[in-house]
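Hydrogens, waters and symmetry mates are skipped; everything else that's a heavy atom, side chains included, is used.
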Amino acid sequence: MSYLRKMALVAGLALLFGSPAPIAASADPPPGNWVGTWGASATGTVPNLATGYADRTVRNVVHTSVGGAAVRVGLTNVLGTAPALLGAVTVAVAAGPSTPDAVPGTVRPLTFGGASSLTIPPGGEVQSDPVSLAVPEGGNLLVSVYTPQAGGPVTYHQVANQTSYVSAAGDHATEEAGGAYLEKITFWPYVSRVDVLSRASGTVVTLGDSITDGNNSTRDANHRWPDYLADRLIAQPGPTRLGVVNAGISSNRLLNNTWNPNALSRLDRDVLTVTGAKSVIVLLGINDIGGAPQHHGPSEIVAALRQISAQVRAKGLRILGGTLTPFGGSSNYTEELEGVRAAVNDFVRTSDAFDGVVDFDAAVRDPADPKRLRPEFDSGDHLHPKDAGYQAMAAAVRLDQLDGTSSHDHWVGTWQTAMAQPAPGTEQGLANNSIRNVVHTSVGGNAARVRLSNVYGTAPTLMGRVTLAVAAKPDAPDAVAGTMREVTFGGSPTITIPVGAEVLSDPVSLDVPADGDLLVTVFTPQPSGMVTSHPRSYQTSFLTPTGDHAAEEPGTAFTQTTGAWYYVTGVEVTNPFVRGAVIAFGDSITDGDHSTVSADLRWPDVLADRLAAQPGPTRLSVLNSGISGNRILDSSALTGIGGANVFARLDRDMLTSTGATTVIFLEGINDIGNLAHPDPVAITDAMRQIVARAHAQGLRVVGGTITPWEGWRAYNTERENVRQIVNTTIRGGAIFDAVIDFDKAVRDPANPRRLNPIYDSGDHLHPSDAGYHAMADAIDLSLLK
C-alpha cells in the first residue's frame with residue numbers, strides 16, 4: 001500500500017472513530033481491544049553517549065501494522081544503569097515515510113498517570129496513558145522524547161532499518177514541523193512499544209534474529225518479513241484482525257548473550273507481555289550455529305526452542321516454528337554446520353513442540369542448491385534475504401494458523417518466589433552439589449511442573465538432575481515414600497539455563513497436596529558462575545556437600561542447611577477447580593521477615609489458608625513475590641538483598657505468572673526509609689504506572705496501605721509524613737482497583753505511627769506471626785476476583 005493511500009486512511013479513521021481528543025479517565029472508551037501494533041526489543045545502549053541526550057529531543061519514526069482510534073506508547077530503560085528523566089513525550093502521525101514532519105493537527109502530548117513527565121528506573125519500562133488519535137494501519141507514527149538533563153546510558157534498538165531524528169538543543173517534542181531535527185539516526189532510542197485501541201482481535205509476535213529484524217532490507221521502506229506479513233493481514237477482506245509486533249534482534253541467539261540479551265532471557269519482556277498477543281512465530285538458531293561459540297550439534301538449540309514453546313504455551317498463546325533459512329556461501333558456513341541446521345529444521349518440521357510450522361527454508365532456498373538462498377532472494381551476503389526474499393518468507397505464513405489459543409489445561413501457580421540476588425560466595429556455582437529446596441503449596445493438583453531461574457547467573461548453568469517430591473515434614477529433607485519424580489525438560493533429564501533466563505519443566509504426574517510441602521531438588525554437576533537465589537525464605541532447605549542425591553527419598557545425605565532458595569522460582573499445578581492466582585507483590589513484609597521459620601505464617605500463607613477454608617473447592621491460589629529490602633524506584637540486587645526495583649522485575653514476578661488474575665501490591669516503605677529525600681508524588685506516580693502495566697495484562701490490582709514503622713532505625717518525622725501522604729492517596733482510590741488498609745489493621749490505636757505491640761516482632765517494622773495473621777484477616781476476600 002502506498003504511503004499516500006495509508007495517510008488517506010487517517011481521515012477515514014477520524015470519521016469512523018470521531019474527532020481525536022485525549023481519553024478522559026472517566027469516559028467510556030471507543031469500542032475495540034488494545035493490541036500491539038509495533039514493537040522494538042532493547043538491544044543495548046547507544047554508543048558514546050554515557051550521559052544521554054541532555055536537553056535534546058529524539059523523534060522516533062515507527063511503522064504501524066494495525067490501526068485504531070487511540071494509542072498508548074511504551075518507553076524503556078531496561079538496559080540503562082541510571083534513572084532516565086523524560087521531560088516530555090508526544091505521538092503524532094508522520095507526514096511521510098522518511099521525514100520528521102507530523103501531519104498537522106495530529107501531535108498528542110502523552111501523560112503517565114496524568115503526569116506530563118516521568119522518571120524510568122534502571123531496568124524498567126513504562127506505559128503512557130491512552131490518547132485519542134486516528135492511527136493509520138500500515139502507516140508511520142512519530143514518537144518524540146525530550147530528555148531535559150544529563151542522565152545515563154540510553155536503551156535502544158540498534159538495527160532499525162529506519163531513519164529517525166535527533167533535534168538541536170531544546171524541547172521540540174510538540175512541534176509539527178521537523179525543522180529542529182537536524183541529526184539523522186538509524187536506531188530507536190527509548191521507544192519499545194505502541195499499542196492501539198482497535199477492532200483487531202489480537203497480535204502476532206515475531207521472535208527472531210537479524211532475519212526477523214530485517215537486516216539488508218531497504219531502509220525506510222518497511223520491507224522486513226514481519227512488515228510484509230502485516231501487509232497480507234491488512235489486505236484480507238474485512239477489518240484487519242491481527243497486528244504484528246517485531247521482536248527480532250540482529251545477532252540474537254538462543255543460548256548465549258552477545259551485545260544483546262539471549263532470547264530466553266528476554267522472552268517475558270519482548271513476547272509474553274505484548275498487548276493482545278495471540279500467537280508467536282519463532283525463527284532462531286542460525287547465530288547459535290554459526291556464531292562464536294559455534295554449536296556443532298543440534299541438541300542444545302532444540303532444547304532452547306522447546307523451552308520457548310513451553311513458556312509461550314504456558315501463557316495460553318499459539319506458537320509456530322520457523323525453519324532456519326540457508327546460509328551456504330556466507331562467512332561462517334561449513335558442511336558440518338549445515339548438518340546442524342538440517343537437524344534443527346527436521347525437528348521444527350516434525351516435532352510436537354509447535355502448533356504449526358512456517359517453512360521459511362523451503363520458501364527461499366535455491367532449488368538447484370538447497371544449501372543456498374535463491375539468487376533473486378539473496379541480499380549478497382548469502383545469509384540475509386533482500387526485499388524479495390523477505391516477501392517470500394511472509395508469503396509462507398499460513399494466516400489461518402495465527403489465531404486462536406493453545407490449551408493450558410487449567411495450569412496455575414501454587415508457589416512462587418522472586419529471585420533477588422546472586423548468592424554470595426558462589427562465584428563458581430555449587431559444583432557437584434545437590435540442593436533440596438522446601439517449598440509450601442497453596443493449592444493442590446494432580447500434576448506439577450517446576451520453574452528454575454538463572455536470572456542472576458553469570459554463566460550458563462547445567463542442571464544435571466531435577467526431582468520433585470512431597471515432603472515428609474515441613475523442616476526435614478525426607479520425601480514421602482513413592483512420591484519422588486524425576487523432572488524433565490523437553491523429554492531430557494538435563495538442561496542448561498542461559499544467563500538471565502528461566503526454564504519450565506515438563507509436567508509430572510504427582511498428587512500435590514494443598515497447603516503442603518514439596519521438595520524441589522537440583523543437582524548442579526559442574527562450575528556454573530553465580531547461583532541465583534532468594535536469600536530470606538524463612539524456610540529451612542538443605543544441601544549435600546558432594547554428589548548427585550537428587551532422586552533419593554531419604555534425606556540423610558543432606559547434611560547442610562540454608563535459609564535461601566536456590567534456582568527454584570515456581571511450582572505450577574493443574575487443577576480444574578482453581579480459577580486463578582493472587583500475586584502478593586511486595587517487600588520484606590510480604591516476604592515474611594521475622595515470621596517463624598518453616599511455619600508458613602507469612603501473611604500470603606495465612607491468606608491462602610483463609611481461601612482454602614471457604615466452602616467448596618479452593619478457587620484461588622496465592623503466589624508470593626515479596627523480596628526483603630525491595631524498592632519501587634531503586635535496585636540493590638548486586639549490593640544487597642533487595643533485588644531489582646519493582647519496574648525491573650515486573651515482567652517476570654507479576655505479569656507472566658501462570659494463572660494470575662489479581663495482584664495485592666504492598667511496597668514503598670523501603671523507598672521512604674532509604675531515599676535521601678523521598679517524594680510522595682514520585683512514589684504514587686510510580687504506583688499508577690505499575691497498575692497501568694498490570695491492567696494491560698488483564699490483572700486487577702488491589703493496593704495495600706504502608707504499615708507503621710516508628711522505632712525502626714530509618715524513622716523520622718519527615719519520612720513518616722511521606723508515608724502518611726502516600727497512604728492518604730492510596731485510600732483515596734485514585735491509584736488501585738481496591739484498597740486493603742494494612743496500616744489500620746496492625747497500628748497501635750494509642751500511637752498510630754507504631755505497630756500495635758501485640759503485632760510487633762520487636763524491630764518496630766516487621767509484624768510478628770500474629771501481625772501477619774491480622775494483615776491477612778484484613779483482606780476482604782470478595783476483592784480477589
Can you label the angle between the Phe665 ring and the Phe585 ring as parallel, tilted or perpendicular, going by 30° and 60°?
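Phe665 vs Phe585 ring planes: parallel.
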Donor-acceptor pair, distance only, cut-off 3.5 Å: does the side chain of [X] make one with the backbone of [Y]?
X	Y	value
Gln689	Gln127	yes
Asn630	Gly642	yes
Asp548	Arg465	no
Thr43	Tyr156	yes
Thr441	Gly516	yes
Thr569	Ser453	no
Arg436	Ala550	yes
Asp587	Gly629	no
Ser351	Phe347	yes
Asp591	Asp593	no

Residues Asn454, Tyr567; criterion side-chain hydrogen bond (donor to acceptor under 3.5 Å, both in side chains); working and verdict
CA-CA 7 Å; Asn454 194 28; Tyr567 294 120; 5.8 Å; no
Does the side chain to side chain contact (heavy atoms under 4.5 Å, CB included) test come out yes or no for Leu519 and Val470, once each step is laid out?
CA-CA 6 Å; Leu519 306 175; Val470 178; over 6 Å; no
To check you understand the geometry: which heavy-atom pair defines the closest contact between [X] and [Y], and what is its length?
X	Y	answer
Ser621	Thr414	CB-CA, 4.4 Å
Ala660	Met654	CB-O, 4.5 Å
Pro604	Ala584	CG-CB, 3.7 Å
Asp651	Arg693	OD1-NH2, 2.8 Å
Asn256	Pro293	OD1-CG, 4.0 Å
Asn77	Pro121	ND2-O, 3.3 Å

Taking only residues two or more places apart in sequence, or in another chain, which ones meet Ala42 in a side-chain contact (heavy atoms from CB on, under 4.5 Å)?
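side-chain contact (heavy atoms from CB on, under 4.5 Å) check on Ala42 returns Val78, Leu79, Thr155.
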With a 3.5 Å cut-off and no angle check, do the side chains of [X] and [Y] form a donor-acceptor pair?
X	Y	answer
Asn437	Tyr566	no
Glu486	Thr467	no
His440	Asp600	yes
Asp195	Thr275	yes
Asn260	Asn252	yes
Glu572	Thr658	yes
Ser625	Gln416	yes
Asn262	Asn257	yes
Ser279	Arg318	no
Thr417	His534	yes
Thr524	Asn433	no
Ser657	Arg451	no

Distance from [X] atom [atom1] to [Y] atom [atom2], nearest 0.5 Å?
X	Y	atom1	atom2	value
Ser595	Trp603	OG	CH2	13.0 Å
Met530	Leu430	CE	CG	10.0 Å
Ser250	His157	OG	NE2	6.0 Å
Ser537	Trp565	OG	CH2	5.0 Å
Ile211	Thr206	CD1	OG1	12.5 Å
Leu504	Leu452	CG	CG	9.0 Å

Report the C-alpha separation of Ile664 and Val582 in whole Å, then their side-chain angles, then the decisive distance to 0.1 Å, and conclude whether the side chain to side chain contact (heavy atoms under 4.5 Å, CB included) test is met.
CA-CA 7 Å; Ile664 300 175; Val582 178; 3.9 Å; yes
Among Val512, Val438, Thr483, which one satisfies side chain to side chain contact (heavy atoms under 4.5 Å, CB included) with Leu518?
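Running side chain to side chain contact (heavy atoms under 4.5 Å, CB included) over Val512, Val438, Thr483 with Leu518 returns exactly one hit, Val512.
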For Thr203, run the side chain to side chain contact (heavy atoms under 4.5 Å, CB included) check against Val245, Val280, Leu402 and tell me which one passes.
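Testing Thr203 for a side chain to side chain contact (heavy atoms under 4.5 Å, CB included) against Val245, Val280, Leu402 leaves exactly one candidate, Val245.
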Evaluate the criterion side chain to side chain contact (heavy atoms under 4.5 Å, CB included) for residue pair Ile641 and Arg536; output intermediate values, then yes/no.
CA-CA 8 Å; Ile641 63 170; Arg536 292 192 178 179; 3.4 Å; yes
pair [X]-[Y]: side-chain heavy atoms closer than 4.5 Å:
X	Y	answer
Asp653	Ile583	no
Val340	His295	no
Val282	Leu320	no
Val578	Leu620	no

Please lay out, stage by stage, how Arg579 and Thr618 fare under the test side-chain hydrogen bond (donor to acceptor under 3.5 Å, both in side chains).
CA-CA 9 Å; Arg579 59 177 174 80; Thr618 304; over 6 Å; no
Determine, stepwise, if the pair Lys278 / Val205 fulfils side chain to side chain contact (heavy atoms under 4.5 Å, CB included).
CA-CA 8 Å; Lys278 280 204 167 184; Val205 186; over 6 Å; no
Checking Arg266 against Ser41 for the side-chain hydrogen bond (donor to acceptor under 3.5 Å, both in side chains) test, could you report, in this order, the C-alpha distance in whole Å, the side-chain angles of both residues, the deciding distance, and whether it holds?
CA-CA 9 Å; Arg266 66 186 184 93; Ser41 302; 3.2 Å; yes
If you count the non-hydrogen atoms of other residues, nucleotides and ligands that lie under 6.0 Å from CD in Gln428, is the total more than 12?
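Not buried by this count: 12 neighbours or fewer within 6.0 Å.
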Which atom pairs, donor and acceptor, lie under 3.5 Å between side-chain atoms of residues 490-497 and protein residues at least two apart or in another chain?
| unit_1 | atom_1 | unit_2 | atom_2 | d |
| --- | --- | --- | --- | --- |
| Ser492 | OG | Thr494 | N | 3.2 |
| Ser492 | OG | Thr494 | O | 3.0 |

Applying salt bridge (charged side-chain N to carboxylate O under 4.0 Å, His left out), run through Arg649 and Glu667 and close with a yes or a no.
CA-CA 13 Å; Arg649 69 185 186 97; Glu667 287 255 15; 3.3 Å; yes
